[in-house]
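Have a look at the structure below before the remarks.
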Amino acid sequence: MYPIYMVSGCKGGVGKSIVSMALLDYLIKIGRKCLLIEADTANDDVFKAYGDSVATAHINLDTEEGWVELVNLLDANQDSTAVINFGARSNSGITQYGETLMGLLEDLKRKLVTFWVINTDRDGLELLKDYLPVVEGSLVHVVKNTYFGNDDRFDLYNNSKLKQQIEASGGKSLVFPKLLPMVSRELYNNRLTIKAAIADTNVPIGNRGVLKAWQKKCEEVFSEAIQ
């Protein structure tokens, strides 16, 4: 069974794109054939970096037609692990049309796993509460992006009933490592995959060293959630 990994959070600027890139990097490294669905129609940074490395499609998941297109694409690529990078507006789309996918997971012979990316604010948690009923029965992991502060800064989530609910359902509370902005800009500006940036001698050696250490930390995080 090939999973569908949704990287969401619905708020803009929480780090969905960098989490999607790290997830793709990890999946490729462990030998998974990947299909990237770029649903961030405003900032398709993941597509720009990974479009030449994996099979890729742009899909607007704010529309019902987009969800039908997604299901058909998943069916046509049954031998691939799917990674969906959601845009900031996707909560309304999945609330309205997500059943199109949820009702067909068994037919597609796939399982749905969400990596819900949060910062230290309350908004992402409120949006997660709305998201959970739509994907009931699937696995949801919460990704605390430490770009916004160390783990102890995430007290709104760490001390919440929502955390208890996530973990009681088998989900993980993951601590995602911070990547220096000067290094992440190298990826985005030059449209590089993580692997390519580490190997590129045109990238400053200090940046490559930071990126390599960060890559290893990301692998440790994802190994908790992906078997």
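Bear in mind the structure is a predicted one, so any value in this text is a computation, not a measurement.
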What are the two closest heavy atoms between Trp67 and Gly93, and how far apart are they? NE1-O, 3.5 Å

Can you hop from Val142 to Val83 via hydrophobic side chains spaced under 4.5 Å? no

Using 0.5 Å steps for rounding, measure from the NZ atom of Lys217 to the CG atom of Leu179. 10.0 Å

Show your reasoning for whether side-chain contact (heavy atoms from CB on, under 4.5 Å) applies to Leu192 and Tyr50. CA-CA 7 Å; Leu192 294 171; Tyr50 281 83; over 6 Å; no

Heavy atoms only: give me the nearest Gly13-Phe148 pair and the separation to one decimal. O-CZ, 3.1 Å

Around atom CG of Asp155, are there more than 12 heavy atoms from other residues, nucleotides or ligands closer than 6.0 Å? yes

Can you measure from CG (Asn60) to CG (Leu70) and round to the nearest 0.5 angstrom? 11.5 Å

Shortest non-hydrogen contact from Ala82 to Ile37? CB-CD1, 4.0 Å

Do Leu174 and Ile30 land in one hydrophobic cluster if side-chain heavy atoms of ILVMFWY residues count as linked below 4.5 Å? yes

Would you call Cys34 and Ser80 a side-chain contact if the rule is heavy atoms closer than 4.5 Å? no

So, do Val71 and Thr100 sit near enough that their side-chain heavy atoms are less than 4.5 Å apart? yes

side-chain contact (heavy atoms from CB on, under 4.5 Å) test vs Leu24 passes for just one of Thr193, Leu36, Val19, Val7, namely Leu36

May I ask whether Leu156 and Trp116 are part of the same hydrophobic cluster, defined by side-chain heavy atoms of I, L, V, M, F, W, Y residues being less than 4.5 angstrom apart, directly or through others? yes

Closest contact, heavy atoms only, Ala39 versus Leu61: CB-CD1, 3.8 Å

Ile28 and Lys195, any side-chain heavy atoms less than 4.5 Å apart: no

Rounded to the nearest 0.5 angstrom, the OG1-CZ distance for Thr81 and Arg110 is 7.0 Å

Flag side-chain contact, heavy atom, 4.5 Å: Leu162 against Leu132: yes

Steps toward side-chain contact (heavy atoms from CB on, under 4.5 Å) verdict (Phe176, Lys144): CA-CA 6 Å; Phe176 188 76; Lys144 296 177 279 187; over 6 Å; no

Would Thr114 and Tyr131 count as a side-chain hydrogen bond (donor to acceptor under 3.5 Å, both in side chains) if you check the C-alpha gap in whole Å, the side-chain angles of each, and the deciding distance to 0.1 Å? CA-CA 10 Å; Thr114 300; Tyr131 177 81; 2.6 Å; yes

Strictly by side chain to side chain donor-acceptor pair (under 3.5 Å), give each pair with a member in residues 19-28 just once, sequence neighbours left out. Ser20-Asn85, Asp25-Gln215

Hey, are Glu186 and Asn189 close enough side-chain-wise for a donor-acceptor pair under 3.5 Å? no

Quick one: NZ on Lys178 to CH2 on Trp214, what's the gap to the nearest 0.5 Å? 13.5 Å

Between the CG atom in Asp45 and the CG atom in Asp40, the distance rounded to the nearest 0.5 Å is 7.5 Å

Search all heavy atoms of Leu211 against all heavy atoms of Ala197 and return the closest pair with its distance. CD2-CB, 3.4 Å

Once salt bridge (charged side-chain N to carboxylate O under 4.0 Å, His left out) is applied, do any residues pair with Glu219, and if so which ones, sequence neighbours excluded? Lys29

Going by salt bridge (charged side-chain N to carboxylate O under 4.0 Å, His left out), name the residues that satisfy it together with Lys172, two or more places apart in sequence or in a different chain. none

Same hydrophobic cluster for Met21 and Tyr147, using side-chain heavy-atom links shorter than 4.5 Å among ILVMFWY? no

Check: Val203 main-chain N/O paired with Arg208 side-chain donor or acceptor under 3.5 Å: yes

Can you give me the closest heavy-atom contact between His141 and Ala225, atom names plus distance? NE2-CB, 3.5 Å

Assess the side chains of Glu38 and Thr56: does a donor N or O sit below 3.5 Å from an acceptor N or O? no

Do Phe222 and Phe115 make the cut of ring centroids closer than 6.0 angstrom? yes

Please say whether more than 12 non-hydrogen atoms of neighbouring residues, nucleotides or ligands are located less than 6.0 Å from CD in Glu167. yes

Less than 4.5 Å apart, side chain to side chain, heavy atoms only: is that true for Leu104 and Asp107? yes

Is there a side-chain contact (heavy atoms from CB on, under 4.5 Å) between Tyr188 and Ser17? Walk through the geometry before answering. CA-CA 10 Å; Tyr188 294 136; Ser17 292; 3.9 Å; yes

For Lys48, look at atom NZ and say whether over 12 heavy atoms of other residues, nucleotides or ligands are found less than 6.0 Å away. yes

In Å and rounded to the nearest 0.5 Å, what is the CG to CG distance from Leu74 to Leu101? 6.5 Å

Heavy-atom distance under 4.5 Å between the side chains of Ile166 and Tyr157, does that happen here? yes

Verdict with reasoning, Tyr2 to Leu35, per side-chain contact (heavy atoms from CB on, under 4.5 Å): CA-CA 11 Å; Tyr2 291 92; Leu35 167 68; over 6 Å; no

Taking Val113 as the starting point, is it possible to reach Ile84 by hopping between hydrophobic residues whose side chains are less than 4.5 Å apart? no

Side chains of Ile94 and Val135: closer than 4.5 Å at any heavy-atom pair? yes

If you measure only the distance, is there a donor-acceptor pair under 3.5 Å linking the side chains of Lys33 and Asn77? no

State plainly whether the residues Glu220 and Lys216 are in salt-bridge range, i.e. N to O under 4.0 Å. no

Validation row: Leu139, Lys111 side chains within 4.5 angstrom (heavy atoms): no

Quick one: does Asp121's side chain have a donor or acceptor within less than 3.5 Å of a partner on Asp123's backbone? no

